[in-house]
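Just the heavy atoms: all of them, side chains too, but no hydrogens, waters or symmetry mates, feed the values below.
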Amino acid sequence: MFRRTYKVKGEDVDDFMIMQDFAYYSYASSILKSYLYEKGYSKHKLNTLKIDFQEFSQKIIYQKHLMFTQSFFVNLEFIGTNNNGQKVNIRNRFFNTKNELCVTASTQLSWFDFNSHETITTPKPIAEQFLAKESFAPLPDMR
């Protein structure tokens with residue numbers, strides 16, 4: 001399991017002080033970048049390798065809204081791959097401080113090679129990080 005704690009900021013909410021979809025996507029992207037950074041794949045290293053990831057097919061399922069100034073944490077889970085390893089499925093689960101599941105955000109990402117301008121399979125060293133048992137232990141259902 002990979003987890004980060006955040007607080008809902010003013011720019012994340014709408015007029016009713018409810019966190020908006022773009023903010024969930026932003027936090028989901030941020031935790032993925034933090035995970036890669038922690039595993040040795042900083043933005044600089046990815047640029048040196050001439051690769052980057054592209055996020056698409058994002059989906060949000062609401063259980064409970066997160067509100068302005070509310071603290072929350074996000075669990076990042078690797079779900080699996082499809083398309084011969086070209087698409088990686090990630091799930092981010094957002095919990096409030098009472099450990100109540102608020103939102104589940106699912107994302108598919110693929111890797112892009114700057115040299116060939118094509119989508120590539122997940123580079124083996126990065127794929128190994130996603131598959132490592134110690135990186136992503138199964139998460140208990142916390143509902």
Which side-chain N or O atoms in residues 44-55 pair as donor and acceptor under 3.5 Å with protein atoms at least two apart or in another chain?
residue	atom	partner	partner atom	Å
N47	ND2	K43	O	3.4
T48	OG1	H44	O	2.9
D52	OD2	K43	NZ	2.5
E55	OE1	S29	OG	3.0

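Using a 4.5 Å heavy-atom threshold, the side chains of I31 and N92 count as touching. Proximity of F72 to V8: side-chain heavy atoms (C-beta onward) are separated by under 4.5 Å at one or more points. Proximity of F78 to V88: side-chain heavy atoms (C-beta onward) are separated by under 4.5 Å at one or more points.
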Between I61 and V103, is a side-chain contact (heavy atoms from CB on, under 4.5 Å) present by the stated rule, with each step listed? CA-CA 6 Å; I61 300 171; V103 170; over 6 Å; no
Between F95 and T97, is a side-chain contact (heavy atoms from CB on, under 4.5 Å) present by the stated rule, with each step listed? CA-CA 7 Å; F95 294 88; T97 54; over 6 Å; no
Run I90 and L76 through side-chain contact (heavy atoms from CB on, under 4.5 Å) and show every step you take. CA-CA 7 Å; I90 303 286; L76 173 69; 3.0 Å; yes
Working note: N82 + Q108, criterion side-chain contact (heavy atoms from CB on, under 4.5 Å); need CA distance, chi angles, decisive distance, verdict. CA-CA 10 Å; N82 59 10; Q108 277 191 336; 3.3 Å; yes
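Residues satisfying the side-chain contact (heavy atoms from CB on, under 4.5 Å) criterion with M67, sequence neighbours excluded, are M17, I18, H65, Q70. Listed by chain and residue number, nothing satisfies the ring-ring contact (aromatic ring centres under 6.0 Å, His included) test with Y41 (two or more places apart in sequence, or in another chain). By the side-chain contact (heavy atoms from CB on, under 4.5 Å) test, I79 is found to be paired with E77, N89, R91, residues two or more places apart in sequence or in another chain being considered. Residues forming a side-chain contact (heavy atoms from CB on, under 4.5 Å) with T5 (at least two apart in sequence, or on another chain): F73. Scored by the salt bridge (Lys or Arg N to Asp or Glu O under 4.0 Å) test, E38 finds R4 as partners (sequence neighbours excluded). For K64, the salt bridge (Lys or Arg N to Asp or Glu O under 4.0 Å) partners are E100, not counting sequence neighbours.
To the nearest 0.5 Å, atom CG of residue L109 and atom OG1 of residue T122 are 7.0 Å apart. One finds the SG atom of C102 at 9.0 Å from the CE atom of M19 (value rounded to the nearest 0.5 Å). Remark: Y6 OH to S30 OG distance equals 3.5 Å, nearest 0.5 Å.
No single ILVMFWY cluster, assembled from side-chain heavy atoms under 4.5 Å apart, contains both L32 and F56. Under the 4.5 Å side-chain contact rule for hydrophobic residues, L36 and F112 do not share a cluster. Hydrophobic clustering keeps F114 apart from I126 (ILVMFWY residues linked when any side-chain heavy atoms are closer than 4.5 Å, directly or through intermediates).
Within 6.0 Å of the OH atom in Y37, the count of heavy atoms belonging to other residues, nucleotides or ligands does not exceed 12.
Sorted by first then second residue, the side chain to side chain donor-acceptor pair (under 3.5 Å) pairs that include residues 7-16, not counting sequence neighbours, are D12-Y27.
F22 belongs to no multi-residue hydrophobic cluster, having no ILVMFWY side-chain contact under 4.5 Å with any other such residue.
Side-chain atoms of R3 and N75 include a donor-acceptor pair closer than 3.5 Å.
Classification of the F94-Y24 ring pair by plane angle, with boundaries at 30° and 60°, yields perpendicular.
Distance alone, capped at 3.5 Å, is enough to place a donor-acceptor pair between the Q20 side chain and the V13 backbone.
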